[in-house]
Amino acid sequence: MTLRSFCCALAGLGLASLLTAAEPAPIPAADLSALEPAVARQIQDRQAALRDLLNRDPDARELAAAWADLGMHYHAYRLVGPAETAYRRAIELEAQNPLWPHLLGGLLQEAGRLDEAAASYGQALALAPDDLPALVHLAEIRFLQARREEGEASLRQVLATAPQEPAANALLGQAALERGDFQEAVHRLETALRGAPGANRLHYPLSRAYKGLGDAAKAGEHLTQVGSVGVRVADGILDGIESLRTGERARLESGKRAYNAGRLAEAAEEFRQALQARPESVEARINLAATLVGEGKADEAITRLREAVALDPANATARFNLGLLLAATGPASEAIEHLAAAVAARPRDGEAHRELARLLRGASRYEEALREYEKAVENAPADEAARLGRAETLVRTGRYSQARDLLEEDLKALPKGLLLAHGLARLLAACPDPAVRNGARALELGLAVWNAEPTVAHAETVALAWAELGRCRDAARWEQTALDTARKAGAAEPVLAEMQKVVERFEQSGGCRP
Amino acid sequence: MRAGAGRVTAGTSPPRVETRGYVPAPLPGALALAVAALVLALPCAAADVFVDRAGDWGLVFSYWNGAGGSFYYPEIIGGGAALFDADGDGDLDVFFPQGAPLGTAKPALPPPARPGGRLFRNELISGSTRRETPLFVDVTEASGIRSPVYGTGVATGDVDDDGDVDLYVLAFGANELWRNRGDGTFENATAGAGVGDPRFSLSASFADLDRDGHLDLYVANYVEFALEQNPTCYAPSSRRDYCGPSAFPAAPDRLYRNRGDGTFEDVSLPSGIAGKAGRGMGVVAVDVDRDGWQDLFVANDGMFNFLWHNRKGMRFEEIGLLSGAAVNADGEAEANMGIAAGDFDADGDDDLFVTHMAGETNTLWVNDGTGSFEDRTNPAGLAAPSLPATGFGTGWIDYDNDGRLDLLAANGAVTEVEERVRAGDPYPYAQTHQLFRHQGDGRFADVSREAGAPFRQLEIGRGVAFGDVDNDGDLDALVVNTNGPARLLINQIGQSRPWLGLRLVGGRRDLLGGRVAVVRKGAPTLWRRAATDGSYASASDPRVLVGLGEAAEVTEIRVLWPDGTAEVFPPPPLRAYTPLVRGTGRPIGATTETPEAKP
């Protein structure tokens, strides 16, 4: 007789509990060897706690909670197999507790085992019919299984209790969209968006729903607002899993999430905790620095980045960020050094080449700047700023016709490039070398950029083009337009006064050509 | 393959019994023949749909990624395969790009005995000799191909219009163009052709985008990765693992215009392509709005997909989000990888199926005929089965020749599979491949379990090339697995139903991008596309194989040529490959005329 069949026989005699105490169910093992040490320690602690409890002859309820606790820790690190074993043991021990099948449902849903997940949620709902998150999860599963009607029925149950629940409304909106009921889809999705205004991904199905209704304006309006934040049902049971994660990686991940959502103080705290968990973490320092910049703490950010560079001198991101920060606040020579290291580490980074070129130009190292701009354009051909920077550098070195020719070529390559068109218009209108000027072409380009973007600078360029053409009254009129635009934008009085002087100069007879 | 040379009779492959678990005792003479006839007549349901014949037929190749514990990003991405008629003899030969060592760490697996990309010649047809089954011979050395790059994928097309199919090898490093000399040898024409894009590329598409009669080239580039900038990333368990794509900047794609002499001009900038950078994994040239100009759909990893609308004159406008194919129904940008473009609902336009990461569903975007797409993954029944799998190569494949396009997806994870870790797998990324049968009502059933042993094996699937490798009238699939043997999935059942084989020809080459309408009596018209692109990092057979199901009475064939003209051809013979040569059919209407799709 095997041990198993012997147990069964004893159970029939009512003696099973005797053996249970003698041979407790094995604690599911996971290979912890390659885990982050803090994570491995945390899991080992939970295993030890369960082992201790097993040795103390606990009651079933207490034991179930301990198994579930271990399961949740496995679950937090996506160790699905051991987590499943632990949850199932908790369910066996305390079959009337709806939390355990809910947890198991969440685990299995994440693993894509939808039938089993649905069964677990069903078990949870049988014990706790008001478990609204379980109903929403069940609906999510049914939609994925092409069982839309069942999903919608679950969600209607949710709305009977919580009519504004965003996730339920969003899912019902999606379902309505799927069956072509655009009116209902708009209603549900708008309700969801009101309940979760930060869930900017909802703008996408809303856009489709309005398109279905033939409302192109609304569809377009929503399409421009599409982002990456979705909507989830608030699930007090499963949402807690994430908070169990410890160690550098977990803190980095939650810090990044907070940072992306604009919660800078929370992000900074998470990154600090990541640093505590692993004091030599370069990534934590880089991310903390980025967050500190957002909080206006540039000095502390620079300190963190210097530490990161000291730990990993070849880290392109640390070098790039430090270079940019120093360019704004510190010595240009050091900023140049860091950006040069950044491009050396990542030679195809067009943006880094461009920023390095900008600093070199600022330091009057024009030939080096031109080389960097060339590399920036080579690596990011659509980067208008790099092309413009290259032309501006040529202008600074007096190579006006070369700058003009390059800008004409650039504009052919990027015909919609407003920066380039404006740069060329300005050069043609007011180049120090009169031979390079071309008022008519400058006016054509200037008006085009003004029509595309009516800004102060664009109006001034049109004014300069008119001046180049000798049409001083028109020049004055456009400088006045620039002045009005600047005033509306809240420009400072000294700036406005300077602009007023230009208007007056253009109005004076006797030539206004620059 | 030469026009007309590939005609074969269906049923040339002998029945296979070894997967059934028992071997019958030998039977005497006549009785044996009678039993053999009975076996042939058995319904298909009892047989495996696909059987792996790679080893039996000499196609021995493993894609080696060179992994040595440094978790370099390219290791988790390659590779692919090309099924193409390299020697023009009427059967499909094979090219595999190969990985290479990266960095200085010692690779966990020994490197291949023969490094670099490999070319295998199919001896199914050799001169006037026809073998019963293919036999592959490694002819790399004799071919002159020396491709030691870290190969990731491959594309095929006749770039110089000389009637021989050329190879474009995608790489982590400079891509290579191998020009087919037509005598079984190739020459490296990369520098002269101007297509040696040095970025990290995965897929490419040859298509005549400006309708000048020559194949242009779109290269889908992935991310900016350098060995010296190898970030450390972790799995949710906190174990060291491969990074996700968001750890790297997107690399801009490239568009090359064929000057007509086999050399190319980089038109990425003036065409508008350079205006947006995505993490491109798959690309397909397909005329989504049926205006007679091929558009470009690019699957971007973790970003909005691009749909480059062809504005004619080699100018493109990106309309992905507007079209509905940039994100799923939820508005989520997914890890878009392999692409299948085909008219699965027989309404005359091409629909898109894209494979994704585990935790996301693969996505089916249905075209309304104007290039506007709707995500119909859930109602099609494709969501739930794809959720646990990370899909790469894929294709519309009517494996049972019932006239309905089914789907095949090669799967393999890119981050550790916890179950494999627990099993002690040193490279824990293996999953099983999947086959989805189109049930005819727009819904699909996962039939992987019944599809044969290749769908039950754990592999790290990547590229898949599709084609009729044994010329028996049904589509086979060549699956490339990372650090494991390539599988040649030979279709066992399709040939039992009537089929048509078509090759769209113009000048001396296949006219990629041509669309065929097979008009049937009393049944929906079937639309198919002649193409080598799509799937993932791979190139497929450009011949069009159309399963006719129970409605085998074809009344006519209409062809929309890639230059915008259209012709009608009389029904060709069934169960044979027939060339349709541009200019030999009856012209029909305006260049953008689309024949009626529905019966």
Side-chain angles (χ1 to χ4, degrees), chain A residues 30-31 34-36 38-40 76-82 110-115 141 143-146 148 170 174 177-178 200-205 207-208 211 223 226-228 230 245 247-250 283 314-317 345-349 351 379-382 412-416, chain B residues 198-199 224 226 228-229 231-240 249 251-252 266 268-270 272-277 304 321-322 324 326-333 358-359 361 372 374-389 416-419 421-422 424 443-444:
Chain A
D31 177 9
L35 302 194
E36 192 179 337
V39 175
Y77 299 102
R78 306 297 180 271
L79 301 169
V80 178
E110 283 170 26
R113 291 160 59 184
L114 300 184
D115 283 328
I141 291 171
F143 288 143
L144 287 168
Q145 293 177 320
R148 194 178 60 215
Q174 297 270 23
L177 194 56
E178 196 176 289
N200 51 18
R201 216 163 67 199
L202 285 173
H203 289 291
Y204 184 75
S207 166
R208 307 292 291 176
K211 187 182 174 196
L223 201 59
V226 173
S228 59
R245 290 166 64 83
E248 180 207 11
R249 308 314 313 167
E283 195 178 347
N315 190 298
T317 308
R346 201 176 275 162
R348 290 208 195 112
D349 186 342
E351 189 186 6
N379 285 288
K412 275 185 201 149
L414 297 171
K416 290 180 183 166
Chain B
R199 293 177 190 273
E224 299 288 3
E228 310 77 47
Q229 288 292 312
T232 305
C233 295
Y234 300 88
S237 66
S238 81
R239 286 188 199 94
R240 177 92 192 264
D266 185 344
S268 310
L269 204 57
I273 294 293
K276 284 193 168 185
F304 289 0
L321 198 58
L322 207 60
V327 291
N328 67 11
D330 195 25
E332 189 175 11
T361 71
S372 185
E374 190 183 350
D375 176 351
R376 302 289 296 172
T377 313
N378 286 356
L382 288 164
S386 63
L387 208 55
E416 65 172 31
V417 178
E418 196 257 334
E419 200 177 3
V421 174
R422 272 188 292 133
R443 293 167 62 93
F444 292 79

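Lettering of chains follows the sequences in order, A, B, ..., and the numbering in each one begins at 1. These numbers were taken from a predicted model, which means no experiment stands behind them.
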Of all of [options], which one pairs up most often with chain A through heavy atoms under 4.5 Å apart?
| options | answer |
| --- | --- |
| B:Thr361, B:Leu387, B:Asp375 | B:Leu387 |
| B:Ala333, B:Gly331, B:Ala384, B:Ala383 | B:Gly331 |
| B:Ala358, B:Gly324, B:Gly275 | B:Gly324 |
| B:Ala329, B:Ala226, B:Pro270 | B:Ala329 |

* State whether the side chain of A:Arg148 and the backbone N or O of B:Asn378 hold a donor-acceptor pair below 3.5 Å, judged by distance alone. => no

* **Side-chain (B:Glu228) to main-chain (A:Ala314) donor-acceptor, under 3.5 angstrom** =>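 Such a contact is absent between B:Glu228 side chain and A:Ala314 backbone.
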
Among [options], who wins on heavy-atom pairs under 4.5 Å with chain B?
| options | result |
| --- | --- |
| A:Asp115, A:Thr317, A:Leu223, A:Val226 | A:Leu223 |
| A:Glu178, A:Glu36, A:Gln145, A:Glu248 | A:Glu178 |
| A:His203, A:Lys412, A:Arg245 | A:Arg245 |

If you take all heavy atoms of [X] and [Y], which pair is closest and at what distance?
| X | Y | result |
| --- | --- | --- |
| B:Ser372 | A:Arg208 | OG-NH2, 4.4 Å |
| A:Arg78 | B:Pro236 | CG-CB, 3.3 Å |
| B:Ala274 | A:Ala382 | O-CB, 3.2 Å |
| B:Pro388 | A:Gly112 | CG-O, 3.7 Å |
| B:Arg239 | A:Leu35 | CG-CD2, 3.4 Å |

Go through the atoms of [X] and report whether side chain, backbone, both or neither lie under 4.5 Å from a heavy atom of chain B.
| X | answer |
| --- | --- |
| A:Pro347 | neither |
| A:Leu177 | backbone |
| A:Val80 | both |
| A:Ala316 | both |
| A:Leu79 | both |

For a 4.5 angstrom cut-off between non-hydrogen side-chain atoms, does [X] reach [Y]?
| X | Y | result |
| --- | --- | --- |
| A:Asn379 | B:Arg199 | yes |
| B:Pro231 | A:Glu283 | no |
| A:Pro82 | B:Arg422 | yes |
| B:Asp330 | A:Arg201 | yes |

* Partners meeting salt bridge (charged side-chain N to carboxylate O under 4.0 Å, His left out) with A:Lys211 (sequence neighbours left out) ->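 A:Lys211 satisfies salt bridge (charged side-chain N to carboxylate O under 4.0 Å, His left out) with no other residue.
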
* To the nearest 0.5 Å, tell me how far B:Asn328 CG sits from A:Tyr204 OH. => 8.0 Å

Counting only heavy atoms closer than 4.5 Å, note whether [X] contacts chain A via side chain, backbone, both or neither.
| X | answer |
| --- | --- |
| B:Glu419 | neither |
| B:Thr377 | neither |
| B:Leu322 | both |
| B:Pro385 | neither |

* Just jot down the side-chain contact (heavy atoms from CB on, under 4.5 Å) partners of A:Asp349, sequence neighbours excluded, or say none. => A:Arg346, A:Glu351, A:Ala352

